[in-house]
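Naming convention: chains lettered A, B, ... in sequence-line order (proteins, then strands); numbering from 1 in each chain. Computed over heavy atoms, backbone and side chain alike; hydrogens, waters and symmetry mates excluded.
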Protein chains: 2
Amino acid sequence: MRTKEGNKAKTIIDAAIEVFAADGFHNAKISQIAQIAGIATGSIYLYYPNKESILSKIFEQVWSSLALPADDLLARKDMNPIEKLENLIDLFFDIFTEDPNLAKVFVNDQEHLMKTNSSAFIHNYENFLDTGEKIVLEGIKSQCFNPNIDIKIFRNFFFGGIRHLLHLWARDHKAFPLNVVRQNVKFILKKGILE
Amino acid sequence: MRTKEGNKAKTIIDAAIEVFAADGFHNAKISQIAQIAGIATGSIYLYYPNKESILSKIFEQVWSSLALPADDLLARKDMNPIEKLENLIDLFFDIFTEDPNLAKVFVNDQEHLMKTNSSAFIHNYENFLDTGEKIVLEGIKSQCFNPNIDIKIFRNFFFGGIRHLLHLWARDHKAFPLNVVRQNVKFILKKGILE
DNA sequence: GTTATTTTTGAATCATTATTCATTTATATT
DNA sequence: AATATAAATGAATAATGATTCAAAAATAAC
């Protein structure tokens, strides 16, 4: 007999994140992922049925790791809605602080999966966005948020803005430090731009 | 002799927008673009040297059409900064109102070109974003905008938010009517979410 | 209506890579 | 240390689709 040594499934994911981030999913080569993972090209297929499933796996991890924390946050009684929204933003950013490459892959390649694939992560992804929406609804009900705002539009606007900044940070940490980004996003969230 | 009939270069662009929007640049087939354009596959290459140059051309048109209007807007003396920002938002949305497919291509595929290609549109694109930044700066100087906001972050946050909403509108006009989106974006811009 | 020139065609070429699989290597068990 | 079994290899396969190009079609000029 022979046993598998190390956690190759994980090693492959890490290598894939690196290569997807650098080249984008479509231009990424399986052979390069294998090289970085330190295994043979064909060995990839012992762990994943195809290239797309590797990408899928990445997003499954991202969004499943946010599911519980987001649900818990929503349920808390000791925070007001604005605090909850701030925490939700932090949850999201925290996923990526340790891994700019993961942020690049998220921004550039998740959309591809949402078209073709009916992958397992989509449920968790939408649940995360819904949580933001629910918190806003809560804020409007408790009369601390402006009721003239369309909740769906608001949540998506914010998500889009944050997503774009995450992307810029991933490309250039110095120009867009994540703590400054967080702070500004929270500020705009609350106050808009007017003096 | 023989003369070219019709504006095939344009017909190809229109067909390409349709196909890129449906399949994404990487999965789009030149043969399908040709079919929709009503010409032979090989004829594409009489007008464009390769697939990527078609995509490039699309963005050249988009961003060059915004260059002058944006500059003019910036220079106007009869508007305050907030009015200028609102107009800038309108300029941007107006490009896409007639063509949801163009919006899809913008959101999904421009990034690809910004990586590989040093295409002609990039200058105009950045100029457009810079215009937004300049208006905000003007607003801060004239003390009508909050000076605590980081201008670069602000402009990118807004651009990202708008971009994401444009994408949602392109996928589902009914759920995200562009006029409602405009209105909400302008509202958030000014007031933030707090009551 | 013939010729010269340009446009158009679309099947053949060519390059690229994801995926497969016959073979080799490693190690758990005896 | 021999055997059995699973893991790993990487060269060969196979599919795809962008691009080319020799041939055909169209029309302007005469």
For A:Phe176, is the NZ or CZ atom of B:Lys152 found under 6.0 angstrom from the centre of its six-membered ring and inside 45 degrees of the ring axis?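 Ring-cation test returns no.
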Cation over ring face, A:Lys57 and A:Tyr48, 6.0 Å, 45°: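 No, A:Lys57 does not sit over the ring of A:Tyr48.
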Take the protein atom [atom1] of [X] and the nucleotide atom [atom2] of [N], then report the distance between them rounded to whole Å.
X	N	atom1	atom2	value
B:Tyr48	D:dT20	OH	P	17 Å
A:Glu52	C:dT19	CD	C1'	15 Å
A:Ile33	C:dT19	CD1	P	11 Å
A:Asn50	C:dT17	CG	P	17 Å
A:Tyr45	C:dT19	OH	P	4 Å

Are any protein N/O atoms closer than 3.5 Å to N/O atoms in nucleotides 15-17 of chain D? If there are, list each pair with its distance.
residue: D:dG17; atom: OP1; partner: B:Lys29; partner atom: NZ; Å: 3.0

Indicate, with yes or no, if the rings of B:Phe159 and B:Phe92 have centres closer together than 6.0 Å. yes
Looking at the rings of B:His112 and A:His26, which for Trp means the six-membered one, are their centres under 6.0 Å apart?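 B:His112 vs A:His26: aromatic centres not under 6.0 Å.
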Where along nucleotides 1-10 of chain D does protein come under 4.0 Å, by heavy atom, of base (B) or sugar-phosphate alone (S), with - for untouched nucleotides? ---BBBBBBB
Judged by modelled atom types alone, do A:Thr41 and A:Ser31 share a side-chain donor-acceptor pair under 3.5 Å?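 Looking only at side-chain atoms, A:Ser31 and A:Thr41 do not form any donor-acceptor pair under 3.5 Å.
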Looking only at side chains, do B:Asp99 and B:Asn101 share a donor and an acceptor under 3.5 Å apart? no
Look only at the side chain of A:Ser142 and the backbone of A:Glu138, and say whether a donor-acceptor pair between them is shorter than 3.5 Å. yes
Backbone N/O of A:Ile44 and side chain of A:Lys8: donor-acceptor pair under 3.5 Å: no
With under 30° as parallel and over 60° as perpendicular, where do the rings of B:Phe157 and A:Phe157 fit, or are they tilted in between?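 Rings of B:Phe157 and A:Phe157: perpendicular, over 60°.
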I'd like a list of close polar pairs between nucleotides 12-15 of chain C and the protein, N/O only, cut-off under 3.5 Å.
none

Are there more than 12 heavy atoms of other residues, nucleotides or ligands under 6.0 Å from atom NE2 of A:His173? yes
Less than 4.5 Å apart, side chain to side chain, heavy atoms only: is that true for B:Asn127 and B:Asp71?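 SC-SC contact between B:Asn127 and B:Asp71 confirmed.
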